[in-house]
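Working notes for the structure below.
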Amino acid sequence: MASPRRGLPVRRGMKKPLEALLRDACERATKGGELLTTTLPPLLLTVPKEAEHGDLASNLALALARSEKRPPRAVAETIVRHLDDRDGILASVEIAGPGFINVRFAPAYWWKLLREIDAAGDAYGRSAIGVGRRVQIEFVSANPTGPLHVGHARGAVTGDALASLLAATGHEVAREYYVNDAGNQMAMLGASTYARYAELCGHDVPFPENGYQGDYVRDVAATIHASEGARWMDVDAAEARAYLGDAAGAILLEAIRDDVAALAIRFDRYVSERQLRAEGTVDTTLATLDAAGYVYDAEGARWFRSTAFGDDKDRPLVKTGGEFTYFAADVAYHRAKYGAGYDRIIDVWGADHHGHVPRMRAALAALGLDPARFEVVLVQIVNLIRGGEPVRMGKRSGDFVTLREVVAEVGADATRFFLLMRKSDAQLDFDLDLAKQRTAENPVFYVQYAHARVASIFRAAAAVGLDLDAAAAADPARLTEGEELALVRRLAQFPEIVEGAALELEPHRVVFFLMELAAEFHRYYNRSRILGDDRDLATARLLLAVNVQKTIRAGLTILGISAPDTM
RNA sequence: GCGCCCAUAGCUCAGUUGGAUAGAGCGCUUGACUACGAAUCAAGAGGUCGGGUGUUCGAAUCACCCUGGGCGCACCA
């Protein structure tokens with residue numbers, strides 16, 4: 001991958017010029033004694049929902065009204081009177097409603113923006129707001145004790161899309177998977193595998209209570225049995241369980257790597273809890289906490305005084321049996337992340353772990369690390385829907401729908417799109433029947449079709465001697481329809497959609513933008529013939545179309561979804 | 001019991017960080033292919049933003065209290 005620090009276009013956006021005009025106007029008004037304010041509130045320019053409200057609206061006068069001690073409309077009149085549109089980018093300025101300043105841009109402004117968008121090439125939408133910032137994002141991190149299920153898939157896709165968003169905004173991103181390959185769960189995997197293995201060898205070993213009952217444990221045991229025979233029946237049972245647990249964990253982690261790869265996800269690092277322990281990272285972390293005075297012994301266990309940092313109770317670090325808790329190892333891991341010098345550390349967690357956020361923050365603070373650099377994105381549960389009914393999943397019985405099954409059924413693109421359609425902290429209904437449909441009701445195909453449709457237009461254009469080069473050389477001034485200028489306006493919003501999604505860690509914003517852009521393009525296509533008899537008009541429309549296509553492709557790429565030329 | 005998340009059209013959800021008459025998609029009704037892909041589009045109907053009080057020019061958005069759902073509260077991770 002190319003260095004994110006280079007080649008990033010400076011974001012122009014459609015708002016910047018208007019912001020400058022408004023600031024200048026206020027400055028002049030203040031100098032002339034017509035405004036009291038010397039410090040402006042942050043300028044908030046919005047794209048109005050109503051077309052009659054213009055291209056951009058400012059609430060500046062409303063925000064200033066109080067300190068000016070004048071009605072908002074009067075303040076707005078003062079500001080508008082001082083507007084100096086030197087470059088002639090404005091077609092109209094109106095004061096509306098309670099005091100909004102509504103602005104409509106001149107067509108020439110949109111033509112200029114379209115040229116800029118075209119000139120940005122495939123880098124369009126990328127920005128430099130994160131340049132020089134190093135971010136580490138940890139996601140999935142499921143125990144290697146079984147295959148990934150759909151809940152994991154949502155965390156996986158969310159984490160991956162967040163990483164892409166941060167990379168697209170110039171951040172240097174590291175993607176990590178924390179492997180809990182130590183502790184009780186792995187011991188239980190070893191015992192479960194041992195029981196299945198023994199069955200295959202003709203021995204009767206009772207299956208452990210709370211063991212992993214899924215059929216996959218039989219498969220794993222069979223794999224080991226096939227390569228190593230029955231020899232682990234001849235050794236001490238504890239040794240056999242330990243070995244089989246390790247072997248099963250390795251096989252299952254390999255399967256997990258395959259599963260995420262099937263969703264087009266890769267990690268830069270897999271960090272092993274066992275290795276952290278072996279390297280003494282957990283010990284030194286506890287010693288640091290102890291030296292800082294936040295560790296005490298009670299009830300036969302060792303505790304962290306997280307209540308000193310606002311947690312509602314203290315948390316155990318070492319169990320009564322002398323084992324580290326999961327928490328202790330996780331604190332050590334996060335301390336190591338800080339040691340690696342990241343500016344921002346992001347974890348994607350299942351919402352059932354939300355209670356862990358305060359204690360992790362407390363531990364970081366106790367270690368003298370800045371908790372503000374640590375952020376957690378909580379991902380809510382996924383309900384699979386088939387035939388209009390929720391698919392039942394029993395975790396205890398091991399009877400859950402795996403990520404692999406979902407991808408096999410609906411494909412990686414639809415899986416990713418559907419799992420990214422909702423804000424991550426809201427529960428999500430995943431309609432498997434809808435995800436499979438190849439119709440307009442299926443939003444992923446709807447968006448992809450808009451992309452393919454442009455490709456199709458260019459195939460037809462080739463027949464009349466028009467191609468990408470012709471489009472690139474087109475005169476956008478031929479685009480005079482309202483729908484055409486509105487499409488440019490939509491395209492112009494893309495960079496700030498990406499920035500907003502990256503800053504707020506909300507990939508679903510990109511999904512919604514793409515659905516709206518696709519809808520706007522489909523509507524335009526149905527109403528306006530692109531390849532008409534007027535050759536100059538046709539090339540101008542091709543210029544618009546190819547930039548719509550490029551923007552859809554850029555958005556889909558951030559989301560990890562393919563942008564096909566034919567469907 | 002304490003804490004966190006959620007509640008918006010029949011269904012699934014947006015809502016640009018407090019702005020204008022709350023928006024999409026699905027579903028329902030009615031239409032559009034001798035033209036670049038109808039895998040598309042157009043039109044219509046559909047709302048006490050769970051309820052209440054407050055904050056202010058202005059609240060789906062902020063605060064507090066209810067109601068209803070989800071999830072947490074060491075020796076599982």
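Residue numbering restarts at 1 for every chain, and letters A, B, ... go by the order of the sequence lines.
Listed nucleotides: rA74(B), rC36(B), rA20(B). Nearest to the side chain of Pro316(A): rA74(B). Among the nucleotides rC41(B), rC36(B), rC4(B), the one closest to any side-chain atom of Asn526(A) is rC41(B). Among rA77(B), rA20(B), rC5(B), the nucleotide with an atom closest to any side-chain atom of Asp425(A) is rC5(B). Closest contact between the side chain of Arg422(A) and the listed nucleotides rA20(B), rA38(B), rA14(B) involves rA14(B). With distances taken from any side-chain atom of Asp429(A) to the nucleotides rC4(B), rA14(B), rU12(B), the minimum falls on rU12(B). Listed nucleotides: rG72(B), rA77(B), rC36(B). Nearest to the side chain of Arg529(A): rC36(B). Residue His354(A) has its side chain nearest to rG72(B) when only rG72(B), rC5(B), rC75(B) are considered. Closest contact between the side chain of Leu531(A) and the listed nucleotides rU16(B), rC36(B), rA77(B) involves rC36(B). For Arg523(A), the side-chain atoms get nearest to rC41(B) when compared with the rest of rC41(B), rC75(B), rC36(B).
For the C1' atoms, the distance from rG68(B) to rC6(B) is 11 Å, rounded to whole Å. Comparing the same atom, P, in rA24(B) and in rA9(B) gives a spacing of 15 Å after rounding to whole Å. On the P atoms, rC64(B) is 41 Å away from rG27(B), given to the nearest whole Å. When the C1' atom is used for both rG52(B) and rC57(B), the distance is 24 Å, rounded to whole Å. Of the C1' atoms belonging to rG46(B) and rG23(B), the separation is 13 Å, rounded to the nearest Å. Across rG15(B) and rU8(B), the matching C1' atoms stand 9 Å from one another, rounded to whole Å. When the P atom is used for both rG70(B) and rG44(B), the distance is 40 Å, rounded to whole Å. rA20(B) and rA7(B): their C1' atoms are spaced 26 Å apart (whole Å).
The aromatic ring centres of His356(A) and Phe327(A) sit 6.0 Å or more apart. Checked against the 6.0 Å centroid criterion, the rings of His334(A) and Phe374(A) qualify as a close aromatic pair. Under the 6.0 Å cut-off for aromatic ring centres, Phe139(A) and Tyr177(A) do not qualify, their centroids lying 6.0 Å or more apart. Taking the six-membered ring for Trp and the full ring otherwise, the centers of Tyr178(A) and Tyr270(A) sit at least 6.0 Å from each other.
Pair assignment for rU29(B) gives rA43(B), based on Watson-Crick or G-U wobble hydrogen-bonding distances that are each under 3.5 Å. As the counterpart of rA38(B), no nucleotide is assigned, since no Watson-Crick or G-U wobble pattern has both distances under 3.5 Å. Applying the Watson-Crick and G-U wobble criteria (two distances, each under 3.5 Å), rU48(B) pairs with nothing in any strand. Base pairing annotation: rA20(B) forms no Watson-Crick or G-U wobble pair, as no partner gives both donor-acceptor distances under 3.5 Å. For rC2(B), the paired nucleotide is rG72(B), the pair qualifying as Watson-Crick or G-U wobble because both relevant distances are below 3.5 Å.
Remark: the backbone N or O of Pro316(A) is paired with a side-chain donor or acceptor of Thr325(A) at under 3.5 angstrom. At least one donor-acceptor pair closer than 3.5 Å links the side chain of Asp55(A) to the backbone N or O of Phe105(A).
With RNA chain B read from its 5' end, the first of the two nearest nucleotides for Tyr524(A) and Pro72(A) is the one closest to Tyr524(A). Remark on RNA chain B: of its neighbouring residues Asn180(A) and Ile457(A), the 5'-side contact belongs to Ile457(A), judged by nearest-heavy-atom nucleotide.
Contacts of Ala57(A) with the nucleic acid, taken as non-hydrogen atoms under 4.0 Å apart, include base atoms. Among the heavy atoms of the strands, none lies under 4.0 Å from Gly500(A). Glu299(A) comes within contact range of at least one nucleobase, with a heavy-atom separation under 4.0 Å. Using a 4.0 Å heavy-atom criterion, one finds that Arg438(A) contacts the bases of the nucleic acid, with or without backbone contacts as well. Note on Phe100(A): a base of the nucleic acid sits closer than 4.0 angstrom, heavy atoms only. Heavy atoms of Ser528(A) sit under 4.0 angstrom from at least one base atom. Nucleic acid contact for Ser456(A): base, since at least one base atom lies under 4.0 Å from a heavy atom of the residue. Residue Asp312(A) is classed as having no contact, given no heavy-atom separation below 4.0 Å to the nucleic acid. Note on Gln427(A): only backbone sugar-phosphate atoms sit closer than 4.0 angstrom, heavy atoms only; bases stay farther off. Thr566(A) comes within 4.0 angstrom of a nucleotide base, judged by non-hydrogen atoms across all strands. Contacts of Ala450(A) with the nucleic acid, taken as non-hydrogen atoms under 4.0 Å apart, are absent. Val318(A) comes within 4.0 angstrom of nothing in the nucleic acid, heavy atoms only.
For rC65(B), the base adopts the anti conformation, since its glycosidic angle falls more than 90 degrees from zero.
Not one side-chain nitrogen or oxygen of Lys313(A) sits closer than 4.0 Å to the OP1 or OP2 atom of rG72(B). Put simply, His508(A) has a side-chain N or O that comes within less than 4.0 Å of OP1 or OP2 on rG15(B). Applying the 4.0 Å criterion to OP1 and OP2 of rA38(B), one finds that Tyr525(A) has a side-chain N or O inside that range. For Arg359(A), no side-chain nitrogen or oxygen approaches OP1 or OP2 of rC73(B) to under 4.0 Å. Here Asn184(A) reaches the OP1 or OP2 of rA77(B): one of its side-chain N or O atoms lies under 4.0 Å away. Residue Lys423(A) places at least one side-chain N or O under 4.0 Å from the OP1 or OP2 atom of rG15(B). The side chain of Arg453(A) places no N or O atom within less than 4.0 Å of a non-bridging phosphate oxygen (OP1 or OP2) of rC36(B).
Residue-to-nucleotide contacts include no donor-acceptor pair under 3.5 Å from the side chain of His356(A) to the base of rG72(B). Judged by distance alone, with hydrogens and angles left aside, His522(A) brings no side-chain donor or acceptor close enough to the base of rA38(B) to form a pair under 3.5 Å. Judged by atom type and distance alone, Asn59(A) reaches the base of rG19(B) through a side-chain donor-acceptor pair under 3.5 Å. Taking only distance into account, the side chain of Asn102(A) meets the base of rA20(B) through a donor-acceptor pair shorter than 3.5 Å.
Geometrically, Arg361(A) does not engage Phe309(A) in a cation-pi contact, judged by NZ or CZ lying under 6.0 Å from the ring centre and within 45° of the ring axis.
Remark: C1' of rC75(B) and CZ of Phe304(A) are 18 Å apart, rounded to the nearest angstrom. In this structure, Met421(A) places its CE atom 13 Å from C1' of rC11(B), rounding to the nearest Å. When the P atom of rG72(B) is taken as reference, atom CD of Gln380(A) falls 10 Å away, rounded to whole Å.
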I'd like to know whether Thr169(A) forms a side-chain hydrogen bond (donor to acceptor under 3.5 Å, both in side chains) with Glu499(A), so could you lay out the CA-CA distance, the side-chain angles of the two residues, the decisive distance to 0.1 Å, and finally the verdict. CA-CA 7 Å; Thr169(A) 45; Glu499(A) 285 182 5; over 6 Å; no
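Counted within 6.0 Å of CZ on Arg359(A), heavy atoms from surrounding residues, nucleotides or ligands total more than 12; the atom is thus considered enclosed.
Distance check, rounded to the nearest 0.5 Å: CG of Leu45(A) to CG of Leu22(A) gives 6.0 Å.
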